[in-house]
There are 2 protein chains.
Amino acid sequence: MERFAADPNAPLAEFLCFSVYSAGHAFNRLYRPLLDELALTYPQYLVMQLLWSKDGRSVKEFGQALRLESSTLTPLLKRLQASGLIERKRDADDERVVRVHLTEKGHALRGQAADVPGCIAKAIGLESDELAKLARTLDNLRDRITVESENLADTT
Amino acid sequence: MERFAADPNAPLAEFLCFSVYSAGHAFNRLYRPLLDELALTYPQYLVMQLLWSKDGRSVKEFGQALRLESSTLTPLLKRLQASGLIERKRDADDERVVRVHLTEKGHALRGQAADVPGCIAKAIGLESDELAKLARTLDNLRDRITVESENLADTT
DNA sequence: TACGATTAAATCGTGTACGATATATAAAAC
DNA sequence: GTTTTATATATCGTACACGATTTAATCGTA
C-alpha cells in the first residue's frame, strides 16, 4: 500500500469521518424516543416511509434506496412482518423477487408517524437555507441534537 | 406530543438525517478494507488512536471522547484485550475505574496504522478548506466514498 | 433446448450500539 | 460512623450492519 501519512489533510479527514459517525449516533438517539411510540427503529421507519410513498417495493429496491444489503434487510423486514405492519410475497412474474406490501395496520401507522418529521426539524432547529448547506459543522450539530434528544426524552 | 408536521423544513431535516446515516455507512465501508489489514473495526481503531495519543485512559474517558456507552465499550475493550493489543486493570486509587493500557503489540500496531489517515484523506479527496466546510453535500460525499471504497477493495 | 452465468433473497457469523438493570466502590449526609 | 446517594463498569436482550456464502430462479447463448 502506498504511504499518504504526510498528507496534511489526513487528520482533518479522519475528524470528518468521526463527525459523521458520531452525528449518526446522535440522530439515532434523537429519533429513538419518537419512534418508540410507534414501536419502530430508525431503519424500520425508513422502510415504512418508502412504503407509504410507494407500496409493493422489492427487497432490492429498499437496498438501493437505503444503501443496505439483503443481509440487513431480510431480518428487518421479517420483524416488520412479525409486527403485522407488512406482508412479504414472492413476485408471480419473477419468483426470485420478494415484494413488500403494507397491511391495514401498516397504513394506519402513517397517521401516527405524521408528527415525526416536524419534531426532528424542530430539534435540529435549522432554516431551509442552512439545511441545504448541510450543517457547516457536524460536531456542533451533534451537540445540539444530543441536548434536544435529552429534552425530548425528558418530556416523553 | 405537539404537531409540527406543517413545518416546511420537516422533509429537509429528515433528508439530512438520512444523509448522515448513509454517509456513516459509506465511511465504514471505506475504512473496512484498510482496517481489515490491522484486524481492527472502525470503533476499535478509534480506541487505539486515543490510546496512542494518551495511554492509561479509563472506560469513562473513552465514552466521553467517542460518545459511546459502557455497554458498547466493555465488550469492545474485551475483544481488544483478547487480541492482545491492550490490558484492562482496575485503578488502585479508585476500584470502580478500569484503566486501559497498550501492550507491546498494541504499541507496535501504531506503525502499521500510519497509512490509514492518508488513505482516507486521499479517498475523500478534499482540500483543507473544504474539510473545514464539512462537505457541502453529504450525499455527494457518500457517493464519492462509495466509489473510492470499491476501488480500494479492488486493489487490496 | 440445454447449460453456464447472472440475479435476488436468504443464511450465517462477528461486531457494534443501545436502554435497562445490576454490582461494587466511593462520596456525601446525617 | 452509618446510611443514603452517586459513580464506574458490567451484563443482558434486542436490533442493526456487513462480508461471505448459499439457494433458487431467470437469462444468454450456443
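Just so you know, these numbers come straight off a predicted model, no measurement behind them.
A search for side chain to side chain contact (heavy atoms under 4.5 Å, CB included) contacts involving A:Q112 returns A:L38, A:L109, not counting sequence neighbours. Residues passing the side chain to side chain donor-acceptor pair (under 3.5 Å) test with B:R57 are B:S53, sequence neighbours excluded. A search for side chain to side chain contact (heavy atoms under 4.5 Å, CB included) contacts involving A:D91 returns A:D93, A:V97, A:R99, not counting sequence neighbours. By the salt bridge (Lys or Arg N to Asp or Glu O under 4.0 Å) test, B:D94 pairs with B:R96, sequence neighbours left out. Taking B:Y42 as the reference, A:Y21, B:Y31 meet the ring-ring contact (aromatic ring centres under 6.0 Å, His included) condition, with sequence neighbours excluded. Residues satisfying the side chain to side chain donor-acceptor pair (under 3.5 Å) test with A:Q49, not counting sequence neighbours, are A:Y45, B:E14.
At a cut-off of 3.5 angstrom, counting only N and O atoms as typed in the model, there is no donor on one side facing an acceptor on the other between the side-chain of B:R96 and the base of D:dT9.
Looking only at side-chain heavy atoms (C-beta outward), B:V98 and B:T74 stay at 4.5 Å or farther from each other.
Ranked by how close their nearest DNA chain C nucleotide is to the 5' end, A:E61 and B:D94 are led by A:E61.
Atom P of nucleotide D:dC27 and atom CD of A:E95 are separated by 12 Å, given to the nearest angstrom.
Contacts of A:D93 with the nucleic acid, taken as non-hydrogen atoms under 4.0 Å apart, involve only primed sugar atoms and P, OP1 or OP2. Among the atoms of the strands shown, none is found under 4.0 Å from any heavy atom of A:D36.
Sorted by first and then second residue, the pairs that involve residues 44-56 of chain A and meet salt bridge (Lys or Arg N to Asp or Glu O under 4.0 Å), not counting sequence neighbours, are A:K54-A:E61. Applying the ring-ring contact (aromatic ring centres under 6.0 Å, His included) rule to pairs touching residues 52-101 of chain B yields nothing, sequence neighbours excluded.
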Each nucleotide N or O in nucleotides 1-5 of chain D that has a protein N or O under 3.5 Å away: list the pair and distance.
none

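Here chain B contacts DNA chain C (any atom closer than 4.0 Å to a heavy atom, that is under 4.0 Å), and the contacts span C:dG15 to C:dA26 from 5' to 3'.
For the atom pair CG of B:L73 and CG of B:L66, the computed distance is 6.5 Å after rounding to the nearest 0.5 Å.
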For residues 77-87 of chain A, please give each side-chain donor-acceptor pair under 3.5 Å, one per line with the distance, not counting sequence neighbours.
{"residue": "A:Q81", "atom": "OE1", "partner": "A:R88", "partner atom": "NH1", "Å": "2.9"}
{"residue": "A:S83", "atom": "OG", "partner": "A:R79", "partner atom": "O", "Å": "2.9"}

Letter by letter from the 5' end, nucleotides 10-19 of chain D scores (B base, S sugar-phosphate only, - none; protein heavy atoms under 4.0 Å) BBB--SSBBB

